[in-house]
Structures are given as structure tokens and as C-alpha cells.
Amino acid sequence: MIAMPPFDWLGYFELAHDLAAQDKEACHRSSLSRAYYYVYNIALARAEGNGFTSIPGESTHVQLWRLYCKSPEPQCIHLGQIALRLKEKRERADYKPLYPRVHEEVLEF
Amino acid sequence: MNGNLGGQTARDQWEAARTEFAPYRSQFNAAWRAQVPVASTTVYPGQLWKSFAASSMFSTDVAVQREDIKGARWPLPSQREGGSSLDYLEDQMAAFVAEHKALVQDLRKHFQIPTDSSVTNFLNDHSSILQLLMEAKKHLEDCFGSSTVFALRAELDESGSRTLYASAIWSGKLQDARNALDKFDNDWWMSHARQAGGYLTFTYELV
């Protein structure tokens, strides 16, 4: 069995960037989703490196962002807040039939 | 276990102890009486002492002489002077619920709340967030403008968890919304966000 290098989550961010440049709403929605999972996986790896393990019974996403939001470090709190906002946009992009001005949301990618 | 200890029953040991300490018992009781005024009408902690005295080895001498001690029992909460905090628990809970409901009503003046019970149930479970929202309102208006409408949502996510989102409903330019949110973060929210523990955040919703 060939050992594979771990996936570089930066690939999700690059994909988010590429999708944002497309002219389709589906691409814009997917762009938001990839951007969220880029942030999530980077933050999760950092948290796990510091001993974080999620408790069964509740989503790892929620537990992870609460961990950041309750951190004594202002930068971690800020990251937690940004992530919660992005999570909400990702859920709207993935599940809501109407997402007004979604193309504007992804322009900065 | 029959109470037989080394050939002596517990009763034998008890009697032996009483005999041994008998010379001192009257002195002890005199001292005890001196510390506790006989005419005291204090019910609590006086009642505690009465209960103790009625059941202790010293009760023989003291209780026989004191009619008020005979048959003393641990008082019920309703019998205690001044009562117990437990007596008022129901009243306190009712007052708390009434105050909480009044705050939620007040919150409706500043935030759009969905007609379903998602947000109100969330606020019932996280009452401290209600206070944070009330405090946030002024700062939101300072940053987003007093004419901006704010909406609360607490929908279930894929895993069944809820986070409360307070969104500025924004019809203006995207960059203006982002600038307002940055200002709100820097001026107030980042120094208070930790209190919400990740259960609340503020954002904007383009319309």
C-alpha cells in the first residue's frame, strides 16, 4: 500500500476562488461551502494538535467553534465568530432555495 | 451485626461511658446552659440546638428541666422563623419566568423574532444571551444605523444543534455591511463574545 500525503486543505480555498469566478449561482453556493470547509479543517487540525477531541452526541463543527469562541485568546474568539458566520452562509448556500446576492458574497474569494 | 463489641454489647459500652463521665456531666450541662439562654425564643438556629439536645446524651439532664425542649424535632421549613430560601423557591421561579417573558417582549421591539418557538425556546435555555442581545442593540444601531432591521434566527443545523444568529437585514452595499460589522466587532462584540460561548453571533443578510 502506497502511503499517500495528507490532503492540503488549501486546495479547498483555491477551489472556492475558482468557483467564485464562475457565472453560475451553483458555483457561487459551492464556493461558500468550500471556503467554509477550508477554514473548518484548518481550525480542526490546529485544535486537535492542542488536544481537542469532540464528544459524541453533538456536531464536531459546533463543538469546535464553541472551543474557539470560549478561548481566552482574542484572535481565537475572532476566528470562532468568523467561522460561525461562514457556517451560517454555508448552510444557507447548501439548503435554502433563495439566497439573495450570493454572487456578491463570494466576490472577495 | 448485633452490636456485640469484644464481649460487650454497644449498650454495655454506652452505660460504661455514661458512668465514667457522670461526674463531669452536670458540669458540662451547666456550661452548656450558660451558653444557651434558657429564655431564648430563637427558633433558628435555636431549633437546631433543640433538636440536637433532644436526641443527644445530654438531653437527659437538660431536657427534663426544660419543658420547651421535650419532644423537640427538626422543624419543618414552614415552622422556622424567617423561613428558608426553599420556601420562596416557587415564588422566585415565578418571578424569574415573568421577568424573562417581559425581557423577551422587550426584545421583540428591537429584533424580528420568528413566529415559531425556535428563538424563544433557545432564549429560555440560554437566558444570559437575552441580556447580551439587549446590551448589543445600542451598539448595533450605532454601527448599522438606527433604521436597520435586525432579525433573530435559531434554526437547527444538520447535526441538530442550534446557534442564535442576529442578522442585520441589509439592502445597501455589501462593503458597507462588512464595515459596519467590523466596527461592531471592534467597538463592542469582541470584548463580550466570550460570554456567549459560541451560542450567539451577529452577522448581516443581504436582501
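Chain naming here is simple, since letters A, B, ... match the order of the sequence lines and numbering starts at 1 in each. In this text, all values refer to a predicted model and were calculated from it rather than measured experimentally.
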Subject >> Residue part contacting chain B, namely of A/Tyr95, when any heavy atom lies under 4.5 Å >> reply: side chain

**OP:** Pick one of side chain, backbone, both or neither for A/Glu88, based on which atoms fall under 4.5 Å of a heavy atom in chain B.
**Re:** both

Do [X] and [Y] come within less than 4.5 Å of each other through their side chains, counting heavy atoms only?
| X | Y | result |
| --- | --- | --- |
| A/Arg85 | B/Leu181 | yes |
| B/Glu155 | A/Lys96 | yes |
| A/Glu91 | B/Glu158 | yes |

Subject >> Contacts with chain B made by residues 50-61 of chain A (heavy-atom distance under 4.5 Å), listed by residue number >> reply: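 When heavy atoms of chain B are the reference, residues 50-61 of chain A contributes A/Glu58, A/Ser59 within the under-4.5 Å range.
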
Original post:
Applying a criterion of heavy atom separation less than 4.5 Å, what residues of residues 74-83 of chain A form contacts with chain B?
Top reply: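 Heavy-atom contacts from residues 74-83 of chain A to chain B are A/Ile77, A/His78, A/Gln81.
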
Original post:
If you round to the nearest 0.5 Å, how far is NZ of A/Lys89 from OH of B/Tyr165?
Top reply: 10.0 Å

Subject >> Approximate separation, where rounding is to 0.5 Å, of A/Arg66 CZ and B/Ser161 OG >> reply: 6.0 Å

Subject >> Interface residues of residues 94-111 of chain B facing chain A - heavy atom cut-off under 4.5 Å >> reply: none

Original post:
Quick one: which residues of residues 183-207 of chain B reach chain A at under 4.5 angstrom, heavy atoms only?
Top reply: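 Near chain A, by residue number: B/Asp185, B/Trp189, B/Met190, B/Ala193, B/Arg194, B/Gly197, B/Gly198, B/Tyr199, B/Leu200, B/Thr201, B/Phe202, B/Thr203, B/Tyr204, B/Glu205, B/Leu206, B/Val207.
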
Original post:
Counting only heavy atoms not in A/Asp23, do more than 12 sit closer than 6.0 Å to its CG atom?
Top reply: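 Check fails, neighbour count at 12 or below.
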
Original post:
Quick check: are there more than 12 heavy atoms from other residues, nucleotides or ligands sitting under 6.0 Å from CZ of A/Arg46?
Top reply: no

